[in-house]
Number of protein chains: 2
Amino acid sequence: MDKNDCKKRIMATATRLFAERGLNGVSIRELSTAAGVSISMVSYHFGGKESLYSSVLQEQFSTFEHIEELKGIADPLDKIEGYIRWTITRHRNNPYLLRYYTSELTNPTQYFTPVVQPAIKSVIRFLIDAVEDGISNNQFRKELNAADTVLAMAGMVNYYFLSKLATQDIVSHSPERDEELIRHYMDIFVKGICMNKA
Amino acid sequence: MDKNDCKKRIMATATRLFAERGLNGVSIRELSTAAGVSISMVSYHFGGKESLYSSVLQEQFSTFEHIEELKGIADPLDKIEGYIRWTITRHRNNPYLLRYYTSELTNPTQYFTPVVQPAIKSVIRFLIDAVEDGISNNQFRKELNAADTVLAMAGMVNYYFLSKLATQDIVSHSPERDEELIRHYMDIFVKGICMNKA
DNA sequence: CAATGTCAATCGAACGTTTGTTATGTTTAT
DNA sequence: ATAAACATAACAAACGTTCGATTGACATTG
């Protein structure tokens, strides 16, 4: 057995179970049984159930640091498309992230302020900067409120994944449609839904 | 004391507490103390903690039935604006709804399928019909995928409220801005963000 | 080089609390 | 007088944590 096998198994199992049923919906008895380790290992390795949750949360939101890589993009519109593609990839690679995201936004724990809020804010700021850039060089309409525009954009993408359980028999959520979805969302966001009245 | 005062107080307190900390985050001891009633009243009036949660959930999602009132609107664009205004009003009048909404979407209980899914689906279908109407009478662009368009629209509005905790010191969430927000979202959705290249 | 000591990792049992429910008793209104 | 509404106390079960005991790897020592 690996040296850190036990600790890793607890993390992996906790990530899945906390996402599925929340911090209070999972007992460390069930968790340790599912992970195939002894019940005392949670306190031993993590210092307790709450600390384990904190570790999981930090790991989940560490993926937000990769927003930095999008800052090299020059064109505002490409930045926005980069954000959409990055967000979709993030949700595809980690199906549990959205659960922690929405759970902390609607039922914040003590870790919301130090862990979750900074992660979300940095992304929003990145997008606001992009939109303001686009406005000041006459690429985007000057009537736009940058902050509102950004929340609209982020809402589009995230809600697609959030609503999955309720809409999956109306709208396909297959990853094969992702590229089409990106084009579609960019199309709506850029041109709107109405006919051009030339 | 009113005849149903006890039952009503339990419902009101449960609605708030379950929203704030989830089904497993609240004990019926804490709940009954906060409601100012005896601990046995939950089982007496509702048959148990789970049944109480079910009652709260059904009450919360009963507000979705009012979507019927929007079906009288003729113009597709007015229907969409009606949906935005209706959704904002719904969140303003009931600050807890979004928590049950997202909680059930990401951590569904046994009540998701009978209570939550039908409510969401009926709204989505209403919007899809509106968009398809708009496409077939050449009001909207024919390239649009109606279902994707609808999720984008619903995402815009709901995410504004969902993200509040993380974005409230970047974007004002005051109800006084609601009308401006409606105009703004309609504007983006109808015309897009880019300059007209007429 | 074998014997011994050390320490971190892991286990299962046990601890004291808290959980949701219920049995029993009391009040109130008709 | 009766029955519904409410309160109190007690219940078994489950909770998170902690306490010794055991193991195995590795360094120290005779």
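Order of the sequence lines fixes the chain letters, A, B, ..., with proteins taken first and strands second; residue numbering starts at 1 for each chain. Atoms considered below: every heavy atom in the structure, side chains included; atoms not considered: hydrogens, waters and symmetry mates.
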Once you measure the plane-to-plane angle for A:Tyr159 and B:Tyr101, does it fall in the parallel (<30°), tilted (30-60°) or perpendicular (>60°) bin?
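Aromatic pair A:Tyr159/B:Tyr101 classed parallel.
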Would you call the rings of A:His173 and A:Tyr160 parallel, tilted or perpendicular, where under 30° means parallel and over 60° means perpendicular?
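If you compare the ring of A:His173 with that of A:Tyr160, the planes turn out parallel.
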Quick one: is D:dC6 close enough that its OP1 or OP2 comes under 4.0 Å of any side-chain N or O from B:His45?
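So the side chain of B:His45 is within the cut-off, an N or O lying under 4.0 Å from OP1 or OP2 of D:dC6.
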How many Å lie between [atom1] on [X] and [atom2] on [N], as a whole number?
{"X": "A:Asp5", "N": "C:dC11", "atom1": "CG", "atom2": "P", "value": "10 Å"}
{"X": "A:Lys49", "N": "C:dT18", "atom1": "NZ", "atom2": "C1'", "value": "13 Å"}
{"X": "A:Glu30", "N": "D:dG16", "atom1": "CD", "atom2": "C1'", "value": "14 Å"}
{"X": "B:Tyr53", "N": "C:dT19", "atom1": "OH", "atom2": "C1'", "value": "19 Å"}
{"X": "A:Arg29", "N": "D:dA13", "atom1": "CZ", "atom2": "C1'", "value": "10 Å"}
{"X": "B:Ile28", "N": "D:dT8", "atom1": "CD1", "atom2": "C1'", "value": "14 Å"}
{"X": "B:Arg9", "N": "D:dA7", "atom1": "CZ", "atom2": "P", "value": "8 Å"}
{"X": "B:Phe46", "N": "C:dT21", "atom1": "CZ", "atom2": "P", "value": "13 Å"}

Nearest nucleotide by nearest heavy atom, which residue falls closer to the 5' end of DNA chain C, B:Glu50 or A:Ile39?
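Taking each residue's closest nucleotide, the earlier one in sequence belongs to A:Ile39.
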Quick check against the 3.5 Å criterion: does A:Asn158 have a side-chain atom that pairs as donor or acceptor with the backbone of A:Ala154?
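Here the side-chain-to-backbone pair exists.
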Under 4.0 Å, heavy atoms only, any strand: does B:Val37 hit a base, just the sugar-phosphate, or nothing?
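Sugar-phosphate, backbone atoms only, no base.
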Look at the side chain of [X] and decide which nucleotide, out of [options], has an atom nearest to it.
{"X": "B:Met41", "options": "D:dA9, C:dC11, D:dC6", "result": "D:dC6"}
{"X": "A:Ser27", "options": "C:dT19, D:dA7, D:dG16", "result": "D:dG16"}
{"X": "A:Ser43", "options": "C:dA9, D:dT8, D:dT18", "result": "D:dT18"}
{"X": "B:Tyr44", "options": "D:dC6, C:dA8, D:dT8", "result": "D:dC6"}
{"X": "A:Ser40", "options": "C:dC11, D:dT8, D:dC6", "result": "C:dC11"}

Report the residues that fulfil side chain to side chain contact (heavy atoms under 4.5 Å, CB included) with A:Ile39, sequence neighbours left out, ordered by chain and then residue number.
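Partners of A:Ile39 under the side chain to side chain contact (heavy atoms under 4.5 Å, CB included) test: A:Ile28, A:Arg29, A:Ser32.
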Which donor-acceptor pairs under 3.5 Å do the side chains of residues 119-133 of chain A make with protein atoms, sequence neighbours left out?
from	atom 1	to	atom 2	distance (Å)
A:Lys121	NZ	B:Asp169	OD2	2.4
A:Ser122	OG	A:Ala119	O	2.9

